[in-house]
Protein chains: 2
Amino acid sequence: MSKSIIDVAKAAGVSKSTVSRVLNNGSVKPETRDKVFRAIKELDYYPNAMARGLKGKSNHIIGVIIPKVAGKTSSVFESKQALSTLNGIEEIISKQDYSLLLIFDLLLTKGNEFKNNDHDYLKYFRENKIDGLIILAKRNEDNNLQNAINEYKPIVYIGERFKDYGGYNIYVHYKKFNKQVYNYLYDEGHTNIVSITDRSTIWEVGVRKYDAYKEFCKEKNIIYEEENIIDVNKLANNIYDVIEDKLESGCTAFYLEDSYITIKIMNILYEMNKKVPDDVSVISIEHGGNDISAIYPFITTVNIPNYEMGKESAKLLMDILQNRPVNDKEILLKPHMIERKSVKIIEK
Amino acid sequence: MSKSIIDVAKAAGVSKSTVSRVLNNGSVKPETRDKVFRAIKELDYYPNAMARGLKGKSNHIIGVIIPKVAGKTSSVFESKQALSTLNGIEEIISKQDYSLLLIFDLLLTKGNEFKNNDHDYLKYFRENKIDGLIILAKRNEDNNLQNAINEYKPIVYIGERFKDYGGYNIYVHYKKFNKQVYNYLYDEGHTNIVSITDRSTIWEVGVRKYDAYKEFCKEKNIIYEEENIIDVNKLANNIYDVIEDKLESGCTAFYLEDSYITIKIMNILYEMNKKVPDDVSVISIEHGGNDISAIYPFITTVNIPNYEMGKESAKLLMDILQNRPVNDKEILLKPHMIERKSVKIIEK
DNA sequence: TTGAAAGCGGTACCAT
DNA sequence: ATGGTACCGCTTTCAA
């Protein structure tokens, strides 16, 4: 049988109000406080978080909404983006004695776009299960979020800039950095660039590649070819053929989405006996620290600060929950490139 | 302002008892039920999980204790073991509309062993935050667990066989399978085998290698050399030298702990211009599906069913929580080896 | 089938 | 500084 505050009160010879005060750092005479603490120890008493929550007290749980892409074989816990972000969140959260409630939200594919499941994540607020929420997902089309920020407890959205949102937002400018990558390759002499991307990723990185490429082509006066961005989800088992095709038609550089794709492509290039960067250049995105460079130490990569995004969002949330002043409701983080030896300089 | 059961009762023109009955599938006249549901919809009412929990009702949250190894740079969300297991858990849990509360437990290093932090994970039960618990950790020395199984809600322990525990246990026989690996290499003609392992992993796989190797040596009449098991945590930056050393002293096969170590060693062997398996044989452990074979398609691996362990443990927990009959309190799962082309047959 | 009321384990206000 | 008590939102028993 579990002990209640009344048991403690009896054991300590005080009223339950006093015990409550001790528990909540109210003003209590030191001796009384000691008595109560002794009783708590003796009885091995722990306050019931549920009962506390009833009065609107924090339960020290924050929710993280993690998108699950329906139909994708690889699951949430295999996405480097999500994992790095969770890492960052955990780093902050666990120091503050908060715990993480993972809320999985199914993303349904709808043509080329995603649609959030009707699963209503806001119910976790309504049910009072969480004190705050971090959302890692495509949510630009999510109207609920708009209302939620007024109605409920704090919500931090991680991903792209959420226009007209007005809530807390940690973001990276995906289109911009994608363009920077294209420009970098261009400056090294590459014009026939093929991206292999993954639109079914949880964030918008892949999606923004299209706009970036379009702008890039326009600015550099290159003919825009839609097939120069390949969505792995659309490829069945013919990646090999597609790569071969692209190489034959003059592609000099591959821009790869993540470690999974990079590994796949590197294996294929190896089978083809193509050398990087002598035969073809390669540039990749690292979503989780050095997940690519650990395997291929010579590949030039762009590092997306997912870990930092997680960290910043958790910090922000903690600040809000603990009534510390918040400077910026929106924080922009920037990817950075690490040049290694996988991009060949092509003389023009 | 959030709505309460009383608001619904008023709107529906019934008493709050009736609303409660509707919510909990008590017997209510169909028309009344309809009225109440309509009111619930209209008001956008959600029962407060806290208030429910107060009466001992399930809150549909299960906890997962995840060990964090203190001082290790790589974090929880980078351990393939933990991730695969979480994947399995998530797979089951989310179908049943439960969510996961992650509880991070710091593991302190104490000489060669680990010691659990004084962080008391049982408080999550005492505080009524969770309905059940899955523990992924080294806990063989944990006495609290012993009491906990009687005192609290269901706990499933994943890892090794937990002797004299009496609780729910999903396990793999680590020593046995380690020995099978050694025997396999022996049958292919290898006797000078070096393991590169990681004792600071969250589970006992690495630790059991020592016993396995000892037994193996005894049975096969090989001189047991402690330095033939190398703990990466003890190596500073001289892995390269150590590998070179071992190769020079006649080592014909490396038995590698996980994908991180495998990647590291493969890179070093590449630098040394040593070919696998011509110059040296390699066998690795996959903790997360094909995390190694995706990168090195020719490496022979042993697959530890972490995903399945997660799945089984979650199933078990769900069965218990939902009062379904439970057949086995202990479930043994078995790793399996996939032979590829990284082990050379040595003629004697 | 339904309603009234007690109680779950706390918090917080009002007295003393 | 401490105690008494109303109340948080819900479940459950008892009576009607």
Side-chain angles (χ1 to χ4, degrees), chain A residues 1-40 43-61 123-131 152-153, chain B residues 1-40 43-61 123-131 152-153:
Chain A
M1 194 47 208
S2 137
K3 290 100 183 172
S4 87
I5 199 170
I6 295 197
D7 299 312
V8 178
K10 275 187 196 148
V14 297
S15 78
K16 66 177 189 166
S17 326
T18 304
V19 178
S20 177
R21 257 178 229 115
V22 171
L23 255 27
N24 295 286
N25 302 313
S27 76
V28 182
K29 189 159 58 159
E31 303 133 51
T32 318
R33 179 179 296 273
D34 284 349
K35 267 198 301 188
V36 171
F37 270 133
R38 233 173 293 130
I40 288 177
L43 295 176
D44 190 31
Y45 161 81
Y46 275 75
N48 181 329
M50 295 294 160
R52 291 189 128 164
L54 210 44
K55 273 287 187 186
K57 278 260 164 162
S58 152
N59 53 25
H60 274 223
I61 296 178
K123 77 173 183 191
Y124 290 89
F125 275 129
R126 300 204 187 91
E127 292 178 346
N128 255 306
K129 279 185 177 171
I130 53 177
D131 292 338
Y152 303 102
K153 297 168 187 169
Chain B
M1 193 47 208
S2 133
K3 290 99 186 172
S4 86
I5 198 170
I6 294 197
D7 299 310
V8 177
K10 273 188 197 146
V14 298
S15 78
K16 64 178 190 166
S17 327
T18 305
V19 178
S20 176
R21 261 178 223 115
V22 171
L23 255 28
N24 296 285
N25 301 313
S27 77
V28 182
K29 193 160 53 161
E31 303 133 52
T32 317
R33 177 180 297 271
D34 284 348
K35 268 196 301 187
V36 171
F37 271 133
R38 234 173 292 132
I40 288 178
L43 294 176
D44 191 31
Y45 162 80
Y46 276 75
N48 181 327
M50 294 296 161
R52 289 191 129 163
L54 209 44
K55 274 289 189 183
K57 278 258 164 163
S58 155
N59 54 23
H60 275 224
I61 296 177
K123 78 173 182 191
Y124 290 87
F125 275 129
R126 300 202 187 93
E127 292 179 345
N128 255 306
K129 279 185 176 170
I130 54 177
D131 292 338
Y152 302 103
K153 296 168 187 169

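Chain naming here is simple, since letters A, B, ... match the order of the sequence lines and numbering starts at 1 in each.
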Colleague: Measure from CG on B:L23 to C1' on D:dC10 and round the result to the nearest Å.
Modeller: 9 Å
Colleague: Can you name the nearest heavy-atom pair linking A:P47 to A:R52, along with the distance?
Modeller: CG-NH1, 3.8 Å
Colleague: For B:N128, what residues pass the side-chain hydrogen bond (donor to acceptor under 3.5 Å, both in side chains) criterion, not counting sequence neighbours?
Modeller: B:K153
Colleague: For A:R21, which residues count as a side-chain contact (heavy atoms from CB on, under 4.5 Å) partner, sequence neighbours excluded?
Modeller: A:S17, A:T18, A:V28
Colleague: Without decimals, in angstroms, what is the distance between B:N128 CG and D:dT11 C1'?
Modeller: 15 Å
Colleague: Nearest-Å distance, CD1 (A:I5) to P (D:dT5)?
Modeller: 16 Å
Colleague: Please identify each residue that fulfils side-chain contact (heavy atoms from CB on, under 4.5 Å) with B:K29, with sequence neighbours left out.
Modeller: B:E31, B:T32
Colleague: Tell me, please, which residues at least two apart from B:N59 pass side-chain hydrogen bond (donor to acceptor under 3.5 Å, both in side chains).
Modeller: none
Colleague: Enter the inter-axis angle for the ends of the helix from C:dT1-D:dA16 to C:dT16-D:dA1 (five pairs per end, rounded to 10°).
Modeller: 40°
Colleague: With a 4.0 Å cut-off on heavy atoms, is B:S20 in touch with a base, just the backbone sugar-phosphate, or nothing at all?
Modeller: base
Colleague: Round to the nearest Å and state the distance from A:Y45 atom OH to C:dG9 atom P.
Modeller: 10 Å
Colleague: From D:dG9, D:dT11, C:dT11, pick the nucleotide closest to the side chain of B:N24?
Modeller: D:dT11
Colleague: For D:dC10, does OP1 or OP2 lie under 4.0 Å from any side-chain N or O of B:Y46?
Modeller: no
Colleague: Using side-chain hydrogen bond (donor to acceptor under 3.5 Å, both in side chains) as the criterion, list what pairs up with B:D7, not counting sequence neighbours.
Modeller: none
Colleague: Starting at CG of A:L43 and ending at P of C:dG10, how long is that distance when rounded to a whole Å?
Modeller: 12 Å
Colleague: Quick one: A:N48 CG to C:dG7 P, roughly how many Å, whole number?
Modeller: 18 Å
Colleague: In this structure, how many angstroms lie between the C1' atom of C:dC8 and the NZ atom of A:K3, rounded?
Modeller: 17 Å
Colleague: All N/O contacts under 3.5 Å from nucleotides 2-5 of chain C to the protein, with atom names and distances to one decimal?
Modeller:
unit_1, atom_1, unit_2, atom_2, d
C:dT2, OP1, B:T32, OG1, 2.3
C:dT2, OP2, B:K29, N, 2.7
C:dT2, OP2, B:T32, OG1, 3.4
C:dG3, OP2, B:S15, N, 3.0
C:dG3, OP2, B:S15, OG, 3.2
C:dG3, OP2, B:T18, OG1, 2.5
C:dG3, N7, B:R21, NH2, 3.2
C:dG3, O6, B:R21, NH2, 2.4
C:dA4, N7, B:S17, OG, 3.1
C:dA4, N6, B:S17, OG, 3.1

Colleague: State, to 0.1 Å, how close B:Y46 and A:K123 come at their nearest heavy-atom pair, and which atoms those are.
Modeller: CE2-CB, 3.2 Å
Colleague: List for me each residue that meets side-chain contact (heavy atoms from CB on, under 4.5 Å) alongside A:D34, sequence neighbours excluded, and say none if there are none.
Modeller: A:R38
Colleague: Can you name the closest pair of heavy atoms from B:M50 and A:K129 and give their distance?
Modeller: CE-CA, 4.2 Å
Colleague: Rounded to the nearest angstrom, tell me the gap between atom CZ in B:R52 and atom C1' in C:dG10.
Modeller: 20 Å
